[in-house]
Amino acid sequence: ITCSVRLWQRPHVKVGGRYPLAPGEIVVTSVLEMSLADVTPELMAGVDTYKNQTGEMIEGGIAGTINLRTRVPFDATGQLFQDGANMNYNDFSKKWTPDANVFYSNRWETGAGEFGIMGNVAYSRVVTASQGIQYGRSAIIDNGFGPDGPETAYVPYSINFLDNEYDRRRLGIAAAAQWRSSDRKWLATLQFNRSTYKNRWEERSFGAFGLGPDLYGLGVRTRVVGAGGNLDERIPVPAPGTPEFTFDSDGNFQSGTFNRSNAENSFWWGNTDGTNVGFGVNDQGDPMFNACYNWGATPTCEGTAPNFTYAPEVGTGSRMNNNKNMTQDFAANLKWEATDRLRFNFDGQYVDSEIDNYDISVEHHSFANVFLDASGRYPRIELSAPTNVNQSDGFLANPNNWYLRSVMDHLEESEGQQWSFRADGEYDIDTNWLDSLKIGARYADRDQTVAWSTYNWGATPTCEGT
């Protein structure tokens, strides 16, 4: 849940009239709009908005302040009990998951004053899945596909098929107690809130890379120009024995089987004498890659100089993220009407918040000729034996034809604690030009430790020695 008001940019958000230390404020990239997801729906009593700041709102936001009022025992006129449960079903994940909550509140008149208690427990689990198809950056290619091709063409660098699963669990616990004196001059309130949020998600992907020109690190206005122009060596070509690429009337790529040109010796896969230079061998002991250059080639090269080509890469990816957030706060408030005109309000709060996160991804790559058909509702690919790559028998089903491309991990173990205190006094004057005079003081002591690693991506080395 997020709380925002239209046309209000970056308001400050309070919960129960206080400024909580939320998990989102511990991370290195702190947020200015705090998420309210840690407050269970049953605790919401109302929302107050303040466009103009007053003197006691010293912590106000740029555009104003929003206060989410939470329920306390004296909000109800008597005993109140409610419960609820429902089941969620996701079409993709094919799983049912529960939501449940219980809320109880009551109040009593005694000889020592009026007492009230309140408790709330809410649990939610949601298992969802999503699927997607993602193109990599499309290159703008001018006059790159001969006289029969489009004057300007758009070819994606890659295509990736994604499958994601999410398992979210949230447990919220809240309790409150109140006491009001018989003369109604004293009102004391104790509150406790704890929210634990766990989110585990996994992503699996399969894609093809190096289809169109690789423009990584180049400006968005970069254009690839054929016939010896800018970056023309990166223009893809059809695999040997396959039809020419097709495009729609706007120049968008439609279909074809991709290869990467080596007419200008852009790729070096070893010596032409067939010796293994460390790029791996197949199960017959032959070098995995043919050495095919415009000045010479091994006898096994497919094609003729200078028009040698290589198959693009295909790859699988697997990513797993485990995230746990915990926020709990203890608060006490005392209100005292000293006289008919003089009132005091004392408030204290302790907040404890923690984040635990582990994120890791692994990619394996191989090689294949990739036929891409983008003419239908959804793009599809077909894979065939790679040009000038001597794979072991079994094609992509053989683990020997794959290599570990990269690994990335990320860790976070952050925590924060905050003590805050507030004291206010108000005196009614009731003159023609002044209603009352308020005075107050604030104190807060925050201690937080941010243990946040970088996203440590690295290519895995395949060579031995130095």
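Residues: numbered from 1 along the sequence shown.
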task = Drop me the distance from Phe330's CZ to Gln349's CD, to the nearest 0.5 angstrom.
result = 11.0 Å
message = Can a donor-acceptor pair be found, under 3.5 Å and without considering hydrogens, that links the side chain of Asn262 to the backbone of Cys292?
response = yes
Ring centre gap for Phe258 and Phe371 strictly below 6.0 Å = no
query = Taking the six-membered ring for Trp, is the centroid-to-centroid distance between Phe247 and Phe145 below 6.0 Å?
reply = yes
inquiry  = Could you tell me if Asn369 and Thr257 have a donor-acceptor pair between their side chains, going purely by distance under 3.5 Å?
reply    = no
ask   = Does Glu151 CD have over 12 foreign heavy atoms under 6.0 Å away?
value = no
ask   = Does the ring center of His410 lie less than 6.0 Å from the ring center of Tyr358?
value = no
message = Between Tyr403 and Glu313, is there a side-chain donor-acceptor contact under 3.5 Å, judged purely by atom types and distance?
response = yes
query = Do Asn282 and Phe289 have side-chain heavy atoms sitting under 4.5 Å apart?
reply = no
task = Return the minimal non-hydrogen interatomic distance between Ala176 and Gln191, and the atom names on each side.
result = CB-CG, 4.0 Å
message = Which heavy atom of Tyr135 sits nearest to which heavy atom of Ala374, and what is that distance?
response = OH-CB, 3.4 Å
remark   = In Trp402, Phe209, Phe206, the residue satisfying ring-ring contact (aromatic ring centres under 6.0 Å, His included) with His365 is Phe209
query = Which pair of non-hydrogen atoms, one from Ala291 and one from Gly270, has the smallest distance, and what is that distance?
reply = CB-O, 3.5 Å
inquiry  = Please check: side-chain N/O of Asn398 versus main-chain N/O of Gly394, any donor-acceptor pairing under 3.5 Å?
reply    = no
query = Is the number of heavy atoms from other residues, nucleotides or ligands under 6.0 Å of Gln82 CD greater than 12?
reply = yes
task = Kindly say whether Leu215 contributes a backbone atom to a donor-acceptor pair with the side chain of Arg137 at under 3.5 angstrom?
result = yes
ask   = Is it the case that Asp373 and Ser375 place a side-chain donor and acceptor less than 3.5 Å from each other?
value = yes
message = Quick check on the 6.0 Å ring-centre criterion: do Phe253 and Phe245 meet it?
response = yes
query = Do Trp201 and Glu203 have side chains that get closer than 4.5 Å, going by heavy atoms?
reply = yes
query = Do the ring planes of Tyr455 and Trp452 sit parallel (below 30°), tilted (30 to 60°) or perpendicular (above 60°)?
reply = perpendicular
request  = Take Thr272 and Thr298 through the side chain to side chain donor-acceptor pair (under 3.5 Å) test and state the conclusion after the steps.
outcome  = CA-CA 5 Å; Thr272 57; Thr298 58; over 6 Å; no
query = If you measure from the Lys or Arg side-chain nitrogens to the Asp or Glu carboxylate oxygens, is any gap between Arg319 and Asp359 under 4.0 Å?
reply = yes
key: Any side-chain heavy-atom pair of Gln328 and Phe192 under 4.5 Å   = yes
message = Using the side-chain contact (heavy atoms from CB on, under 4.5 Å) definition, which of the options Thr309, Leu211, Asn388, Thr242 pairs with Asn259?
response = Thr309
ask   = With distance as the sole criterion, is a donor-acceptor pair present between the side chains of Asp356 and Asn323 under 3.5 Å?
value = no
message = Regarding Ser366 and Asn401, do their side chains bring together a donor and an acceptor under 3.5 Å, going by distance alone?
response = no
key: Student check: side-chain heavy atoms of Leu404 and Val362 closer than 4.5 Å   = yes
inquiry  = Determine whether a donor-acceptor pair (N or O, by modelled atom type, separation under 3.5 Å) exists between the side chain of Ser453 and the backbone of Leu411.
reply    = yes
inquiry  = Checking ring-ring contact (aromatic ring centres under 6.0 Å, His included) between Trp269 and each of Phe279, Phe308, Tyr293, which is the one that passes?
reply    = Phe279
Donor-acceptor side-chain pairing of Asn333 and Asp347 below 3.5 angstrom = yes
inquiry  = Are Tyr378 and Phe161 an aromatic pair, judged by ring center distance below 6.0 Å?
reply    = no
ask   = Do Glu264 and Ser266 get their side chains close enough for a donor-acceptor pair, meaning under 3.5 Å?
value = no
query = Would a 4.5 Å heavy-atom cut-off, applied to side chains only, mark Pro379 and Ile133 as touching?
reply = yes
ask   = Between Asp167 and Arg200, is there a salt bridge with N-O shorter than 4.0 Å?
value = no
task = State whether a side-chain donor-acceptor pair under 3.5 Å links Asn90 with Thr128.
result = no
note = Residues Asp250 and Tyr154: closest non-hydrogen pair is O-CE1, 3.4 Å
inquiry  = Using side-chain heavy atoms (C-beta onward) and a distance below 4.5 Å, is Ser130 in contact with Tyr166?
reply    = yes
message = Would you say that Tyr350 contacts Gln417 through its side chain, given a criterion of any heavy-atom pair below 4.5 Å between the two side chains?
response = yes
query = Side chain of Arg234, backbone of Asp214: donor and acceptor closer than 3.5 Å?
reply = yes
request  = May I ask you to check whether Asn321 and Asn357 show a side-chain donor-acceptor distance below 3.5 Å?
outcome  = yes
ask   = Taking C-beta and beyond as the side chain, do Ser420 and Tyr443 meet within less than 4.5 Å on heavy atoms?
value = no
Where Met288 and Gln391 come nearest, the two heavy atoms and their spacing = SD-CA, 3.8 Å
Ser93 side-chain N/O to Val127 backbone N/O, donor-acceptor pair under 3.5 Å = yes
ask   = Any sub-3.5 Å donor-acceptor pair from Ser261's side-chain atoms to Pro236's backbone N or O?
value = no
ask   = Any donor and acceptor pair, going by atom type alone, linking the side chain of Thr196 with main-chain N or O of Met326 inside 3.5 Å?
value = no
key: Flag for Asn230-Asp232: side-chain donor and acceptor within less than 3.5 Å   = no
ask   = What are the two closest heavy atoms between Ala397 and Pro399, and how far apart are they?
value = O-CD, 3.5 Å
query = So, does Tyr310 use its side chain to make a donor-acceptor pair with the main chain of Asn290 at under 3.5 Å?
reply = yes
Side-chain donor/acceptor of Ser205 to backbone N/O of Asn160, under 3.5 Å = no
request  = Please round to the nearest 0.5 Å and tell me the distance separating atom CE of Met408 and atom CG of Asn456.
outcome  = 9.0 Å
